[in-house]
Amino acid sequence: MEKFVVRGPNKRSCTNDALIRSPRKKVKLEEDERLKEEEDEEDEDEALAEFSNPVPWQKIEAEGLDCDYAQLFSKEEADKLFKQLEEEVVYSTGEEAKVQVFGKVYNIPRKQATYGDAGLTYTYSGVRRSACPWTPTLKSIRDAVTKTTAQTFNFVLVNRYKDGQDHMGEHRDDEKELDPLCPIASVSLGAARDFIFRHRDARGKQSRRQIEPVRLELAHGSLLLMNPPTNTFWYHSLPVRKKVLLPRINLTFRRIILDRKK
DNA sequence: TTACGGTCAGGGGC
DNA sequence: GGCCCCTGACCGTA
């Protein structure tokens with residue numbers, strides 16, 4: 001049923017440009033990273049030293065879909081991070097926790113928060129949200145992801161699903177402000193949940209083509225990298241799973257392009 | 001159109 | 001096997 005291909009350890013063929021980038025590009029990135037990392041550099045090194053190395057990557061591929069999946073954190077690390085995030089993250093309330101779809105306003109069926117570099121904003125369902133400053137735990141998870149992927153991220157969207165009733169409908173992360181060359185890195189903590197990709201041409205009653213959906217289970221402490229062009233061709237969702245009784249926190253690290261017009 | 005609700009099919013329990 | 005109930009997939013929608 002599942003169409004993805006699992007390769008052997010570390011045989012990565014993704015478009016992760018950090019692994020094939022030119023020396024000049026590397027120098028530029030390192031400068032950027034240095035500027036961003038001026039503060040708390042030593043503290044972060046200590047935090048990073050706590051993380052174990054990830055287990056081998058699984059390559060998940062289909063037509064126009066390119067993902068990498070790995071267990072980033074051990075159970076003990078993931079338990080600790082989950083607990084810390086439960087204490088640190090402040091979720092949106094009131095109008096910010098609502099969404100308008102087909103002219104109706106609904107409460108979002110999960111909790112959301114946005115964190116990132118100073119001044120960044122992210123537009124979600126037509127609503128512009130500004131990033132809160134990184135918390136220590138979010139920063140250390142971001143750095144662990146960077147260490148593993150050699151990609152830098154300046155923003156994270158935090159989604160908290162209180163149980164299997166909380167969910168997220170089918171969508172693409174195709175916002176214009178996202179760097180089209182940067183993968184989206186999705187870290188899962190807490191209850192394992194199903195995650196489903198569907199090709200854009202295989203949706204709806206009059207779908208043009210028959211392409212099987214790709215189904216994954218995102219485990220506690222896992223990292224899913226969605227490489228370009230996945231988000232161009234594939235929608236993804238986190239469906240309701242009534243048997244799931246425990247909460248899950250999902251962090252999607254992104255790189256937002258700074259608006260040069262201003 | 002990151003939402004929900006209606007409908008339907010399939011599976012499990014009895 | 002047949003019925004009921006639950007779950008999940010799919011579709012329509014302003």
Side-chain angles (χ1 to χ4, degrees), chain A residues 1-4 62 65 67 89 91-116 120-131 155-180 182-188 190-218 224-226 228-256:
Chain A
M1 177 70 84
E2 292 173 8
K3 302 287 282 185
F4 64 80
L65 182 143
C67 294
V89 175
Y91 294 94
S92 298
T93 55
E95 289 308 304
E96 282 208 328
K98 295 181 191 297
V99 64
Q100 190 170 340
V101 182
F102 281 100
K104 290 184 182 173
V105 176
Y106 301 99
N107 290 320
I108 294 174
R110 60 191 174 276
K111 285 183 174 179
Q112 286 193 320
T114 49
Y115 288 82
L120 281 183
T121 60
Y122 184 67
T123 305
Y124 165 83
S125 283
V127 180
R128 202 176 172 92
R129 295 157 199 270
S130 53
F155 183 88
V156 63
L157 176 64
V158 184
N159 280 295
R160 184 184 190 277
Y161 304 86
K162 69 176 188 304
D163 55 29
Q165 297 279 0
D166 275 3
H167 61 279
M168 177 149 50
E170 205 167 67
H171 70 285
R172 290 182 293 172
D173 291 320
D174 59 349
E175 290 80 5
K176 282 176 189 143
E177 64 247 62
L178 292 178
D179 184 338
C182 182
I184 292 173
S186 170
V187 173
S188 297
R193 290 288 294 266
D194 289 343
F195 189 75
I196 299 176
F197 285 102
R198 273 211 297 172
H199 195 282
R200 68 178 186 188
D201 294 342
R203 302 169 73 238
K205 204 177 182 179
Q206 296 168 346
S207 56
R208 291 194 281 149
R209 302 176 60 199
Q210 263 211 320
I211 304 174
E212 284 295 304
V214 174
R215 301 157 199 275
L216 307 174
E217 191 187 59
L218 301 180
L224 176 70
L225 270 185
M226 289 179 269
T230 304
N231 261 305
T232 303
F233 297 108
W234 291 78
Y235 285 71
H236 57 267
S237 65
L238 191 93
V240 169
R241 289 292 179 261
K242 295 187 178 181
K243 287 170 190 158
V244 175
L245 304 175
L246 297 173
R248 167 179 185 259
I249 295 174
N250 177 245
L251 312 174
T252 47
F253 292 92
R254 299 142 192 265
R255 185 150 72 226
I256 291 179

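Residue numbers start from 1 in every chain, and the chains themselves are labelled A, B, ... in the order their sequence lines are given, proteins ahead of strands. Everything quoted here is computed from the prediction, not taken from an experiment.
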### Query
Please give, in whole Å, the distance from B:dT2 C1' to A:His167 NE2?
9 Å
### Query
How long is the line joining CG of A:Asn107 and C1' of B:dA3, in whole Å?
11 Å
### Message
Using OP1 and OP2 only, check whether a side-chain N or O of A:Arg241 sits under 4.0 Å from C:dA9.
### Response
yes
### Separation of atom CG in A:Asp194 from atom P in C:dT7, rounded to whole Å
14 Å
### Any A:Arg215 side-chain N or O less than 4.0 Å from OP1/OP2 of C:dA9
yes
### Message
When you measure from the side chain of A:Arg198 to the backbone of A:Ser237, do you find a donor-acceptor pair of N or O atoms at a distance under 3.5 Å?
### Response
no
### Query
Does A:Gly103 or A:Tyr106 map to a spot on DNA chain B nearer the 5' end, using the closest nucleotide for each?
A:Gly103
### Query
At under 4.0 Å between heavy atoms, what does A:Lys104 touch on the DNA or RNA strands: base, sugar-phosphate, or nothing?
nothing
### Message
Rounding to an integer number of Å, can you tell me how far A:Tyr235 OH sits from C:dC10 C1'?
### Response
16 Å
### Message
Nearest whole Å is fine: how far is B:dA3 P from A:Asp166 CG?
### Response
10 Å
### Query
What's the closest nucleotide to the A:Lys242 side chain, out of C:dG8, B:dT2, B:dC4?
C:dG8
### Summary
Taken to the nearest whole Å, CD1/A:Ile108 to C1'/B:dC4 is 14 Å
### Task
Please work out if A:Val105 contacts a base, only the sugar-phosphate, or nothing of the nucleic acid, heavy-atom cut-off 4.0 Å.
nothing
### Task
Send over the distance from A:Lys243 NZ to B:dG11 P, rounded to a whole Å.
13 Å
### Message
For B:dT2, give the paired nucleotide (Watson-Crick: N1-N3 plus N6-O4 or O6-N4; G-U: N1-O2 and O6-N3; both under 3.5 Å), or none.
### Response
none
### Query
To the nearest 0.5 Å, how far apart are CE in A:Met226 and OG in A:Ser186?
5.0 Å
### Task
May I ask you to evaluate whether A:His171 reaches the phosphate of B:dA3, defined as a side-chain N or O under 4.0 Å from OP1 or OP2?
no
### Query
Is there a side-chain polar atom (N or O) of A:Arg198 under 4.0 Å from OP1 or OP2 of C:dA9?
no
#### Entry: Sidechain-backbone polar pair: A:Arg254 side chain, A:Asp179 backbone, donor-acceptor under 3.5 Å
no
### Task
Using a 4.0 Å heavy-atom cut-off across all strands, classify A:Glu175 as base, sugar-phosphate, or nothing.
base
### Query
Does A:Thr232 offer a backbone N or O that forms a donor-acceptor pair with the side chain of A:Arg172 under 3.5 Å?
yes
### Query
For A:Lys104, does the NZ atom have more than 12 heavy-atom neighbours from other residues, nucleotides or ligands under 6.0 Å away?
no
### Task
Take the protein atom CD of A:Glu170 and the nucleotide atom P of B:dA3, then report the distance between them rounded to whole Å.
11 Å
### Task
Tell me which nucleotide among B:dA3, B:dT2, C:dG8 gets nearest to the side chain of A:Phe102.
B:dA3
